[in-house]
Amino acid sequence: MKVLVIGGGAREHALCHSLSLDPDVTALYCAPGNAGIAGVAELHPVDALDGAAVSALAGRLGADLVVVGPEAPLVAGVADAVRAAGVPVFGPSGEAALLEGSKAFAKDVMAAAGVPTARSYVCTTPEEAEAALAAFGAPYVVKDDGLAAGKGVVVTDDIEAAKAHAAACERVVVEEFLDGPEVSLFAVTDGRTVVPLQPAQDFKRALDGDEGPNTGGMGAYSPLPWADPKLVGEVLETVLQPTVDELRRRGTPFSGLLYAGLAITSRGVRVIEFNARFGDPETQVVLARLKSPLGGLLLAAAEGTLADLAPLRWSDDAAVTVVVASHNYPGTPRTGDPITGLDEVAAEDGPHAYVLHAGTRQDGDSVVSAGGRVLSVTAVGANLTQARERAYRAVARVRLDGSQHRTDIAAKAAADAAGA
Ligand code: AMP
Ligand code: GLY
């Protein structure tokens, strides 16, 4: 099978890495890709938001499957264009991707499907927002309705900051604060059958100890030794299947990757958000543990045959990923800095630890930074402690002027599991 992956971040590098290990994948293409993905896939330039251009490229390459990675092309309807051209595609239609593209739409679907989530108000004026903030009290949670690359949410005790964020957005969702640890659970679905993957936890704040601003994600780990073994089954039954059923009932079936961001509160599991695509950096650790061939799984979702697929097989290993970000991220990042030490990681730490590129670019003989999150180092080990050691040993070899990373990814979970 010939597979074309659309996108060019660490998620797409993780997808390409796993697809390159699938014996049924005979050719692997990525558009536009990045400097690291070039090592496992043939790169092609494309405007990922242009459905006609993506379909034409898929046709030219004779792709048997197109995998659309990021949310912006999905919301723009790129999967619809590819599907209309007769090529199987992994990724929801533009209408179904509104589950991520509009927080108000997601709330409406959850209410109709009886899915547990934070109580909320959709507000379009400062007066409405003020009333909603007063109704819930601190800590305040204010979410931009539309896509905001992980930066649209403000959680604060400061009423003025909450009001200011609401005023700066056209339409916001104001909701009750959810307490408790967060879990990311991905599921692959063909619109009817839902196959959950293994849960992961990501670290959204920029600095150690969950301090600093929200980011797209600074690291992740899987499995979650502290989580109830029944969690995945419960979320499948109360969240994932009802949501997929509701979207099918509305005539806009969701096929692709349904990502549930969950809070495990004292009153039970609540949905914080849905995404319509693999999450970054959780994908790096979830796919590192998946033993079943990825190409077959994604194709079955695209073709509507997930019910016939053998149960997924998982490694007992633990996986940890640590994001290396540019100077000033999540503000406007400095780019164009050379990255060295990548060969040393490959020589000294592989195959247990490896680098997945996010914002990188080939510049002559060197690889340079080209975005906020530059790369992530992923490692596997017999447990979280070993996976952490391997990940941080490799991170220490990567040199990028002014770069930053968190030093406490999976630290608490590893210590708790080791002490248990
Ligand atoms: P989201 O983009 O909706 O995932 O929100 C980003 C982050 O903001 C989440 O990962 C949470 O850490 C935090 N957050 C969002 N909604 C809530 C909520 N209702 N209560 C507490 N924290 C939240
Ligand atoms: N890890 C958070 C996200 O992908 O949105």
Side-chain angles (χ1 to χ4, degrees), residues 7 9-12 14-15 69-72 74-75 97 99-107 110 116-122 132-133 135-157 161-162 165 169 172-186 197 199-206 210-222 257-267 269-287 321-323 325 330 356 358 372-373 376 378 406 409:
R11 161 188 44 224
E12 286 74 30
L15 288 165
E71 60 275 22
L74 290 167
V75 171
L99 209 49
E100 170 164 6
S102 165
K103 301 217 183 256
F105 176 78
K107 286 290 185 190
M110 283 189 266
T117 184
R119 287 178 298 127
S120 64
Y121 295 103
V122 179
L133 290 167
F136 290 129
Y140 304 104
V141 182
V142 182
K143 303 185 173 190
D144 191 346
D145 180 49
L147 283 186
K151 293 171 198 162
V153 177
V154 167
V155 180
T156 178
D157 284 320
H165 185 55
C169 305
V172 293
V173 173
V174 174
E175 67 180 32
E176 79 181 305
F177 179 79
L178 296 174
D179 211 353
E182 288 179 38
V183 171
S184 299
L185 184 63
F186 300 165
L197 308 186
Q201 189 171 51
D202 87 342
F203 292 77
K204 288 237 168 74
R205 300 288 185 144
D210 294 328
E211 302 283 341
N214 253 323
T215 71
M218 294 299 287
Y221 68 95
S222 175
L257 194 290
L258 177 57
Y259 163 142
L262 306 161
I264 315 297
T265 76
S266 52
R267 289 177 296 134
V269 172
R270 299 282 184 277
V271 174
I272 292 180
E273 64 161 350
F274 283 127
N275 291 321
R277 38 87 194 166
F278 280 98
D280 181 356
E282 298 97 313
T283 302
Q284 287 89 308
V285 290
V286 172
L287 293 185
T321 193
V322 178
V323 170
L356 296 170
R373 289 187 293 177
S376 64
T378 303
R406 278 182 64 159
I409 302 302

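Quick note: residue numbers are just sequence positions, from 1. Atoms within a ligand are numbered from 1 in the order they appear, just like the ligands themselves. Side chains are part of it too, since the values below use all heavy atoms of this structure and drop only hydrogens, waters and symmetry mates.
- Heavy atoms of Gly217 stay at 4.0 angstrom or farther from ligand 2.
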Requested in this report: Would you check, one step at a time, whether the test side chain to side chain donor-acceptor pair (under 3.5 Å) holds for Thr117 with Lys107?
Outcome: CA-CA 8 Å; Thr117 184; Lys107 286 290 185 190; 2.9 Å; yes
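- Checked by atom type, the side-chain pair Asp145/Ser102 shows a donor-acceptor distance below 3.5 Å.
- Short contacts between ligand 2 and Gly216, defined as distances under 4.0 Å to a heavy atom of the residue, involve ligand atoms 1 (N), 2 (C).
- Put simply, part of Tyr259 is less than 4.0 Å from ligand 2, judged by heavy atoms.
- Numbered from 1 in the order shown, with element, the atoms of ligand 1 that lie under 4.0 Å from a heavy atom of Lys143 read 3 (O), 15 (C), 16 (N).
- Close approach of ligand 1 to Glu182 is summarised as follows: ligand atoms under 4.0 Å from at least one heavy atom of the residue are 9 (C), 10 (O), 11 (C), 12 (O).
- Using modelled atom types, one finds a donor on one side chain and an acceptor on the other under 3.5 Å when comparing Ser376 with Gln284.
- Taking a cut-off of under 4.0 Å to the non-hydrogen atoms of Asn275, the atoms of ligand 2 that pass are 5 (O).
- Only backbone heavy atoms of Glu176 (N, CA, C or O) come within less than 4.0 Å of ligand 1; its side chain stays farther off.
- At least one heavy atom of Lys103 sits closer than 4.0 Å to an atom of ligand 1.
- Applying the 4.0 Å criterion to heavy atoms of Gly279 picks out, from ligand 2, the atoms 4 (O).
- A salt bridge does not link Arg277 to Glu282: none of the charged side-chain nitrogens sits closer than 4.0 Å to a carboxylate oxygen.
- A donor-acceptor pair shorter than 3.5 Å cannot be found between the side chains of Glu100 and Tyr259.
- Side-chain N or O atoms of Ser222 include one that pairs as donor or acceptor with a backbone N or O of Pro199 at under 3.5 Å.
- A tilted orientation is assigned to the rings of Tyr121 and Phe136, their planes being inclined by 30° to 60°.
- Atom numbering of ligand 1 starts at 1 in the shown order; those under 4.0 Å from a heavy atom of Val141 are 16 (N), 17 (C), 18 (C), 19 (N), 20 (N).
- In terms of polar-atom proximity, Leu178 is counted as a contact of ligand 1, with an N or O under 3.5 Å from an N or O of the ligand.
- Of all the heavy atoms of Glu100, none lies under 4.0 Å from any atom of ligand 2, so neither backbone nor side chain is involved.
- Using a 4.0 Å cut-off to heavy atoms of Phe177, the atoms of ligand 1 that qualify are 20 (N), 21 (C).
- Between Arg406 and Asp210 a salt bridge is recorded (basic side-chain N to carboxylate O distance below 4.0 Å).
- Salt-bridge formation is detected for the pair Glu175/Lys143: a Lys NZ or Arg NE/NH1/NH2 atom is positioned less than 4.0 Å from an Asp or Glu carboxylate oxygen.
- Proximity to Asp202 (heavy-atom distance under 4.0 Å) selects the following atoms of ligand 2: 1 (N), 2 (C).
- Of the possible donor and acceptor atoms, one in the side chain of His165 sits under 3.5 Å from a partner among the backbone N and O of Gly152.
- Residues Arg267 and Pro116 have side chains not in contact (no heavy-atom distance under 4.5 Å, counting atoms from C-beta outward).
- Residue-ligand proximity, Glu175 to ligand 1, at heavy-atom distances under 4.0 Å covers atoms 16 (N), 17 (C), 18 (C), 19 (N).
- Of the candidates Lys204, Arg277, Glu182, the one placing a heavy atom closest to atom 4 (O) of ligand 2 is Arg277.
- The option from Asp179, Val155, Val142, Val153 that lies nearest to atom 23 (C) of ligand 1, judged by heavy atoms, is Val155.
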